[in-house]
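Structure record follows, encoded as structure tokens.
Residue indices begin at 1 and follow the sequence shown.
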Amino acid sequence: MMKDSVYCKEAADYAVAFIQALRHTSGIWDGRPFELIDWQEQIIRDVFGVLKPNGYRQFNTAYIEIPKKNGKSELAAAVALLLTCGDGEQRAKVYSCASDKNQAKIVFEVAVAMVRKSPALTKRVKITESTKTLVYMPTESTYQVLSADVANKHGFNTHGVIFDELHTQPNRKLFDVMTKGSGDARMQPLYFLITTAGDNKNSICYEVHQKALDILSGRKTDPTFYPVIFGAAETDDWTDPKVWKKANPSLGITIGLDKVKAACESAKQNPAEENSFRQLRLNQWVKQSVRWMPMDKWDACAFAVDPEALQGRVCYGGLDLSSSTDITAFVLVFPPLDEDDKYTVLPFFWMPEDNIDLRVRRDHVNYDLWQKQGFLKTTEGNVVHYGFIEAFIEELGTKYNIREIAFDRWGAVQMVQNLEGLGFTVVPFGQGFKDMSPPTKELMKLTLEQKIAHGGHPVLRWMMDNIFIRTDPAGNIKADKEKSTEKIDGAVATIMALDRAIRCGNDNGESVYDKRGLLIF
């Protein structure tokens with residue numbers, strides 16, 4: 001504590017009482033009184049109860065770093081309402097900030113639900129959904145969600161800022177606008193920063209994380225900064241339930257032990273999930289760049305693929321053109337005919353003939369060998385001739401029942417038109433988390449269950465081994481072309497084709513996604 005500062009039990013009791021008069025808003029807790037868990041109550045008592053000699057709060061920044069599902073959104077919403085409705089501040093301005101407006105709305109909408117469950121607040125609070133604004137009429141105080149362009153603005157007269165998932169901030173602009181000078185006209189502004197660990201050690205969140213560690217260890221002193229970090233140490237055994245408890249103070253209350261155990265078991269089987277488990281469940285700052293596909297599991301799916309035996313079968317294509325000087329990938333995926341059958345993968349690759357020797361020397365990759373073995377086709381010259389590929393796909397269409405061809409909507413406009421002219425159904429396929437995550441997770445699931453057959457195709461194998469994965473805060477995943485420095489076009493084409501094969505199947509119209517829902521890891 002700051003010299004001469006004091007712990008005021010009355011102020012702390014008031015803050016705790018205000019929050020505990022609120023009600024929970026979701027799941028099995030919906031409608032129950034908001035009884036603060038021990039760790040939450042400690043934070044509220046410290047932040048709102050430690051006062052300077054002039055009677056105002058000592059801490060103006062609280063940094064809370066904690067794994068997901070520990071009740072951080074509810075705590076943040078309660079703090080927002082306390083600052084807006086319970087702090088005695090006239091015309092207080094309180095804001096919700098996050099990496100985008102949708103993320104910022106999460107805490108705001110929890111706060112709105114809390115107001116609607118409180119008769120006392122309902123009488124005194126006006127909610128405007130269209131502008132995501134909440135007004136506490138007795139003091140004319142407002143709590144609102146900020147739009148994404150606020151980082152370019154200045155002049156905020158801030159009493160409180162709730163920063164949700166600080167680790168997702170793409171840069172420091174918004175953080176600086178909201179915390180540097182914005183509360184100068186207020187006597188006790190509070191910047192309440194709450195986040196899980198991230199993966200970018202060059203981010204504003206990691207900078208604040210380091211400051212928190214320095215203060216907790218005594219290396220630095222800042223009496224206005226209140227740090228709380230729940231997480232596992234680098235040297236801790238991430239599979240040990242004692243470590244889970246240390247990192248998750250709400251374990252057994254808001255998080256079921258069985259959920260964490262299941263996530264851990266899944267992460268043991270799948271190396272790509274280990275980082276996600278450690279970051280989201282144990283709050284460790286881990287590099288997100290981890291090779292995704294366990295190649296021993298992929299190699300175990302090298303079941304023979306007979307192109308002749310597949311003739312006439314329903315299949316779906318995935319097309320990834322990359323650039324005209326690079327590899328083009330077209331992959332067919334055949335859905336299983338029955339319970340015992342597998343998803344069969346038939347890939348094709350092309351690159352310009354004149355580029356092969358240069359690429360072998362530069363990339364140290366066996367393009368020349370793959371060409372001789374027939375796994376990589378070439379087109380004359382130093383750019384890929386799409387007309388040649390179109391004719392090849394047209395020929396494939398006479399052998400196989402190609403129902404749809406999925407493609408990256410940002411490429412291939414002319415080629416898509418030409419394929420449509422040849423009678424193919426061509427569907428655009430987004431490359432964001434929403435479209436890519438479900439089939440990417442399915443590909444891993446099918447591989448681990450040996451429900452996929454790829455014949456050991458060496459070019460596709462090389463590309464699968466090149467995949468690095470990106471994960472968003474919700475746990476969605478996609479192949480990351482930036483971090484995957486080697487080629488992954490065939491893997492992306494496979495994932496797109498697999499999505500269509502899963503959604504559309506053979507002829508029964510049944511989708512795996514419909515039958516059992518999306519995979520959540």
Side-chain angles (χ1 to χ4, degrees), residues 199 237-240 261-279 281 284 286-306 318 327 329 331-334 336 339-347 349 363-367 369-370 373 375-376 436-471 475 477-481 483-499 501-502 512 519-521:
D199 64 340
D237 176 3
W238 62 275
T239 65
D240 184 349
K261 187 176 182 182
C264 182
E265 289 302 320
S266 189
K268 285 182 192 173
Q269 298 296 316
N270 183 353
E273 285 177 46
E274 181 184 328
N275 267 10
S276 184
F277 180 86
R278 290 165 70 135
Q279 180 189 340
R281 298 284 188 181
Q284 291 182 320
V286 291
K287 286 183 183 172
Q288 205 67 334
S289 294
V290 59
R291 282 189 190 274
W292 177 62
M293 179 59 73
M295 293 313 293
D296 58 329
K297 308 287 189 197
W298 178 257
D299 292 340
C301 294
F303 305 105
V305 174
D306 181 359
I327 295 179
V331 178
L332 291 176
V333 173
F334 297 76
E339 286 286 316
D340 299 324
D341 200 11
K342 304 178 191 303
Y343 283 87
T344 302
V345 181
L346 195 57
F349 300 95
D363 302 344
H364 309 290
V365 174
N366 299 326
Y367 298 114
L369 176 63
W370 291 335
Q373 293 173 332
F375 293 115
L376 176 65
M436 293 301 290
S437 185
T440 305
K441 289 181 175 180
E442 289 290 347
L443 177 60
M444 178 61 74
K445 179 175 183 289
L446 293 169
T447 302
L448 296 176
E449 293 176 347
Q450 296 191 13
K451 293 275 183 69
I452 197 160
H454 53 68
H457 195 291
V459 183
L460 184 59
R461 183 192 191 279
W462 171 65
M463 290 181 173
M464 283 293 169
D465 195 25
N466 290 338
I467 290 184
F468 285 84
I469 218 76
R470 186 187 288 272
T471 307
I477 65 171
K478 66 172 185 171
D480 189 338
K481 286 193 175 183
K483 290 179 182 170
S484 309
T485 51
E486 301 279 11
K487 306 308 297 174
I488 63 169
D489 313 88
V492 171
T494 303
I495 289 164
M496 292 193 290
L498 179 64
D499 182 86
I502 287 171
V512 168
L519 289 173
I520 306 296
F521 289 131

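Atom OG1 of T440 is separated from atom CE of M496 by 10.5 Å, given to the nearest 0.5 angstrom. The line from CZ of F334 to CG of L346 is 5.5 Å long, rounded to the nearest 0.5 Å. In this structure, OG1 in T447 is found 10.5 Å from CG in D299, a value given to the nearest 0.5 Å. Between the CH2 atom of W462 and the OH atom of Y367 there is a distance of 3.5 Å, given to the nearest 0.5 Å. L460 contributes atom CG, which lies 4.5 Å from atom OG1 of T494 (distance to the nearest 0.5 angstrom). Rounded to the nearest 0.5 Å, atoms CD1 (I495) and CD1 (I488) are 7.5 Å apart.
Between G455 and V305 the shortest heavy-atom distance is N-CG2, 3.5 Å. Considering every non-hydrogen atom in both G490 and F349, the closest pair reads CA-CE2, 3.6 Å. The minimum heavy-atom distance linking V492 with M436 is given by the pair CG1-CE, 4.2 Å. L448 and K297 make their closest contact through CD2-CG, 3.8 Å (heavy atoms, listed as atom of the first residue, atom of the second, distance).
In this structure the side chain of L498 reaches within 4.5 angstrom of the side chain of L446, judged on heavy atoms. For the pair E442 and D499, the minimum side-chain heavy-atom distance is 4.5 Å or more. Residues P294 and M444 are in side-chain contact: their nearest non-hydrogen atoms beyond the backbone lie under 4.5 Å apart. The closest side-chain heavy-atom distance from D465 to M295 is below 4.5 Å. Side-chain contact between I502 and Y343: present, with at least one pair of heavy atoms (C-beta onward) separated by less than 4.5 Å.
Judged as a side chain to side chain donor-acceptor pair (under 3.5 Å), and not counting sequence neighbours, D306 has no contacts. A497 pairs by the side-chain contact (heavy atoms from CB on, under 4.5 Å) definition with V333, not counting sequence neighbours. For E449, the side chain to side chain donor-acceptor pair (under 3.5 Å) criterion is met by K445, not counting sequence neighbours. Under the side-chain contact (heavy atoms from CB on, under 4.5 Å) criterion, K268 pairs with W238, T239, C264, E265, not counting sequence neighbours. With sequence neighbours excluded, the residues satisfying side-chain contact (heavy atoms from CB on, under 4.5 Å) with Q450 are A300, C301, F303. D240 meets the salt bridge (Lys or Arg N to Asp or Glu O under 4.0 Å) test with no other residue; sequence neighbours excluded.
H457 pairs in a ring-ring contact (aromatic ring centres under 6.0 Å, His included) with only one of the listed residues (W298, F375, W370), which is F375.
At distances below 3.5 Å, not a single donor-acceptor pair connects side-chain atoms of S266 with backbone N or O atoms of A262. For D480 (side chain) and F468 (main-chain N/O), no donor-acceptor pair under 3.5 Å exists by modelled atom type. Formation of a donor-acceptor pair under 3.5 Å by the H454 side chain with backbone atoms of R461 is not found in this model.
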